[in-house]
Structure formats: C-alpha cells, structure tokens
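Comments concern the structure below.
Note that the structure is a prediction, hence the values are computed from the model and not measured. So you know, we letter chains A, B, ... as the sequences are listed, proteins then strands, and number each from 1.
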2 protein chains.
Amino acid sequence: MGRPPRINRGRVLAEALAMADEDGLDAVTMSALARRLGVTPMALYRHVANKADLLDGVVELLLTEFPPPPAGLPWPERLGILAANIRASAHRHASIFPLLLERPATTTDARRTRRAVYEALGEAGVPEARIAQVERLVSTAVLGFAVSEVGGRFRNHSRRQLDDDFDVLRALLGDFIVSQRADARN
Amino acid sequence: MGRPPRINRGRVLAEALAMADEDGLDAVTMSALARRLGVTPMALYRHVANKADLLDGVVELLLTEFPPPPAGLPWPERLGILAANIRASAHRHASIFPLLLERPATTTDARRTRRAVYEALGEAGVPEARIAQVERLVSTAVLGFAVSEVGGRFRNHSRRQLDDDFDVLRALLGDFIVSQRADARN
DNA sequence: ACCTGAACACCGTTCAAGT
DNA sequence: ACCTGAACACCGTTCAAGT
C-alpha cells in the first residue's frame, strides 16, 4: 500500500517523445525508456498498457504542442500561420509526426485545431455543408507535405526549395478555399 | 561451387509484399518470410543485405505496379486516371504504401511515372521552369491523401465520402495546374 | 500502490560449417 | 554458390514476489 510513485504517465510520455526526437523512433524501446527514467522496464506497464498505447500517448502529447492560431487576424493569415506552425512541429518531432497519418484526430487538442480551421473556413465564406470536406482536403495536403519532408521523401531537395514549395502550397490552398465560397461563380 | 538456387531476390521481394498485404507490415519478419519460402532465415541474407534492404526492394517492387497512364488522352484525363491508379495501388498494398513517403522516388519506375506527369504538365501549358515544383506539389497531395486513407487517419469516414473527397482533390489539382499556365492572368 | 527479478517467445544478424 | 545450425544481443510482455 501507498508508496510514492517515482514516475507517472506524463513523464513517461514526455521522455519517450524526447528520445524519439533525439535518436529516432527505433531508439524508443521499453528498456531504453526505462533506463532513462531510472526504473526497470516492467515498471512502465503500470503507466502504459503496452508499447502501442505508449506511442498513442506520445502522438497525443505532440498534438498539445500545436499552438492555437492567433485570433484577430483575417482568415488567410490565420490559416497560413497555423500551417506553418504545424510544419514546424513536424520538424521538431520528425520521427513521431508521421504517426499522425495512422490515426483519426479525435483527441481534445486535435479537435480544437480542427475547430479553428472550421471557423476560418466559415469566415472565408465556405458554406456549412462543405466545411468538413474542405478542412479534410486542406489538412491532408499540409500533413502530406510535412510528413514527406520529415519522412525523407524530399531528402534531395534544399531547404530553400522546400520553403518555396510550402509557400506555393499555402497559396494554392487559399485559392481552393476561395473557390468553395457560396458566391463563387461556377 | 554451383548448386541450383532455391530462391532468388525477386521471389523474396514478391513473397514479402504478399505477406505484408495479407497480414500487415509487422508480420513480415525474416523468419516468417523464410518459412514461407521453405528456407531458413539465414538463407535470405544471400539475397538481401538486411531487413532495411528487403523493405527498400519491396517498395521498389510496388512502384513497378503503377500502370503507366494511358497515352492518347487529353492531359486532365491522363492525370486523373494516373491519380486513381496510384490510389488503387495504395489500397492493394495498404501496409507498404506509406513507406513511399520515406524515400525519394529515384528508381527507374518512379522516374517513368514522374516523367509521365511532366509531359502532361507540359501539355497543360505549365512553363518548363515551373514543372518540377508543380509535379512535387500535385504528387504530394495525391500521396498524402492515399497514405492517410490506408494509414488509418480516415478510419471514421465512409468509402463513399472518401471517393467524393478524392474527386474534389483531383479537380482542385486540375485547377491549380491551369492556374500555373504561362498565359494565366495574374 | 508501485516497483523488481526472473523468465518466455521472438527478433535481426554473425559466423563457421556443410554440400 | 547456396543453404544450414548454432549462437548472440536484444525485443516486448507475463507473472509472482517484495515493500
């Protein structure tokens, strides 16, 4: 009965994310993580159900780091900044970020980000009934670019080139959003 | 000296792809693959350098299955069919396809597909100097969508919905390409 | 309640040996 | 040249035991 916990789920997840950032996803083993926390591997199982649950938690933690887009700016700037923040988060967490493509964004933080996009699209004049689809396509394009970048597909391209690609991507998504306005002619 | 090979690299890769398709990426272990080929695990090392090399080969094999876009059609149809073929390939090889985001498309087959896109963009009127970037963005959008789909991010969406999303995606990419024509006004 | 020690089945990979 | 047998360090996970 009652002895002071030496570790907790929060620390376990934070340390796992740090390990992944420093040495890659493969370096995150139960034993290496335990060693880093000064504990035996089996101690982790009181705080995570298994390794899949550990990675779920780490992805969730990553999502809490998406800063909310700054309020009070016009929608194109808000979405542009949000996209840039998401890309920056990909660069900070290159080995974990690709896991975002493997699970629906159902956590509280993921919902908050999506709601921010919904609001921007509403302001842009996209009709209610089309907002969810437009959000999916826009988010998928941004995530797909960011994952390609940190995953290694653009390994042979310069940072300069990729920055420019990303600017063009944001512009094209802006044009797409405008084309989906209720009063768009066609 | 000379004894008849019981397996070869081609069979190893084909069987590994089949295993991944049937039971997922994690089911592709050196021993399970060897068992399937009727050989000991160590025999594989004469045909692949190690497991990473095995997966590289499997991705390469997947790329050979992208059918070349049918010649003789106008560029929008050609690109639309190519995109649909790539998406279909993702569905056939759901566990291997996401690995495409981890490596530059430098194999012969990947180059062939890219060249086909270049030609279509040329026909569309995109100036030489902009073709490579437009191709990167268009391919990234299609890959990002397909990987999200087979990776599980759209797990909560119906096939109907995703088919519709994909149609809208193709249309938006078509509009983007047209907006990049030399004679586009702006 | 929280952590440990011992154990299990499995993983990728090496090396020397067989034909 | 091609495959095998034995071995190694490591992996995730379980169970019973300690405090």
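No path of Ile, Leu, Val, Met, Phe, Trp and Tyr side chains, each step under 4.5 Å between heavy atoms, connects B:F66 with B:I81, placing them in separate hydrophobic clusters.
Residue A:S31 places at least one side-chain N or O closer than 4.0 Å to OP1 or OP2 of D:dC11. Put simply, B:H47 has no side-chain N or O that comes within less than 4.0 Å of OP1 or OP2 on D:dC2.
With DNA chain D read from its 5' end, the first of the two nearest nucleotides for B:P41 and A:V28 is the one closest to B:P41. Where A:N50 and B:V39 each meet DNA chain D at their nearest nucleotide, the meeting point lying more 5' is that of B:V39. Toward the 5′ end of DNA chain C lies the nearest nucleotide of A:G38, the other residue of the pair B:A52 and A:G38 mapping further downstream.
The separation between A:D53 atom CG and D:dT13 atom P is 10 Å, rounded to whole Å. Protein atom CE of A:M30 is 11 Å distant from nucleotide atom C1' of D:dC11, rounded to whole Å. We find that CG of A:L44 is positioned 14 Å from P of C:dC2, with the value rounded to whole Å. Regarding A:D26, its CG atom lies at a distance of 11 Å from the P atom of D:dC11, rounded to whole Å. Rounded to an integer number of Å, the gap from B:L33 CG to C:dC10 P is 17 Å. A straight line from CZ of B:R46 to C1' of C:dT14 spans 13 Å, rounded to a whole angstrom. Protein atom CG of B:L37 is 11 Å distant from nucleotide atom P of D:dT4, rounded to whole Å. Between B:N8 atom CG and D:dC3 atom P there is a gap of 9 Å when expressed in whole angstrom units.
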**Prompt:** Starting at the 5' end of DNA chain D, what dot-bracket string do you get if Watson-Crick and G-U pairs under 3.5 Å are bracketed, crossing pairs use [ ], other-strand pairs use | and unpaired bases use dots?
**Reply:** ||.|||||...|||||.||

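Judged purely by distance below 3.5 Å, without hydrogens or angles, the side chains of A:Q133 and A:R130 pair a donor atom with an acceptor atom.
Salt-bridge check for A:R87 with A:E149: passed, with a basic side-chain N closer than 4.0 Å to an acidic carboxylate O. Salt bridge annotation for A:E123-A:R78: present, with a cationic side-chain nitrogen under 4.0 angstrom from a carboxylate oxygen. Between B:R114 and B:E119 there is no salt bridge, since none of the side-chain N atoms of the basic residue sits less than 4.0 Å from a carboxylate O of the acidic one. At a threshold of 4.0 Å, the pair B:R160-B:D164 does not count as salt-bridged, since none of the basic side-chain nitrogens sits closer than that to a carboxylate oxygen. Between A:R35 and A:E15 there is no salt bridge, since no side-chain N of the basic residue sits under 4.0 Å from a carboxylate O of the acidic one. Note on B:R9 versus B:D53: salt bridge recorded, some NZ/NE/NH1/NH2 to OD/OE distance being below 4.0 Å.
Which of D:dC3, D:dC11, C:dC11 sits closest to the side chain of B:I7 comes down to D:dC3. Of the candidate nucleotides C:dG12, D:dT13, C:dT4, C:dT4 has the atom nearest to the side chain of A:A43.
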Can you give me the N/O atom pairs linking the protein to nucleotides 5-9 of chain C at distances under 3.5 Å, or say none if there are none?
none

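Checked by atom type and distance alone, the side chain of B:R153 never pairs as donor or acceptor with a backbone atom of A:E102 at under 3.5 Å.
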**Request:** Take B:R136 and A:S148, measure what side chain to side chain donor-acceptor pair (under 3.5 Å) needs, and give me the verdict at the end.
**Result:** CA-CA 10 Å; B:R136 276 196 301 280; A:S148 290; over 6 Å; no

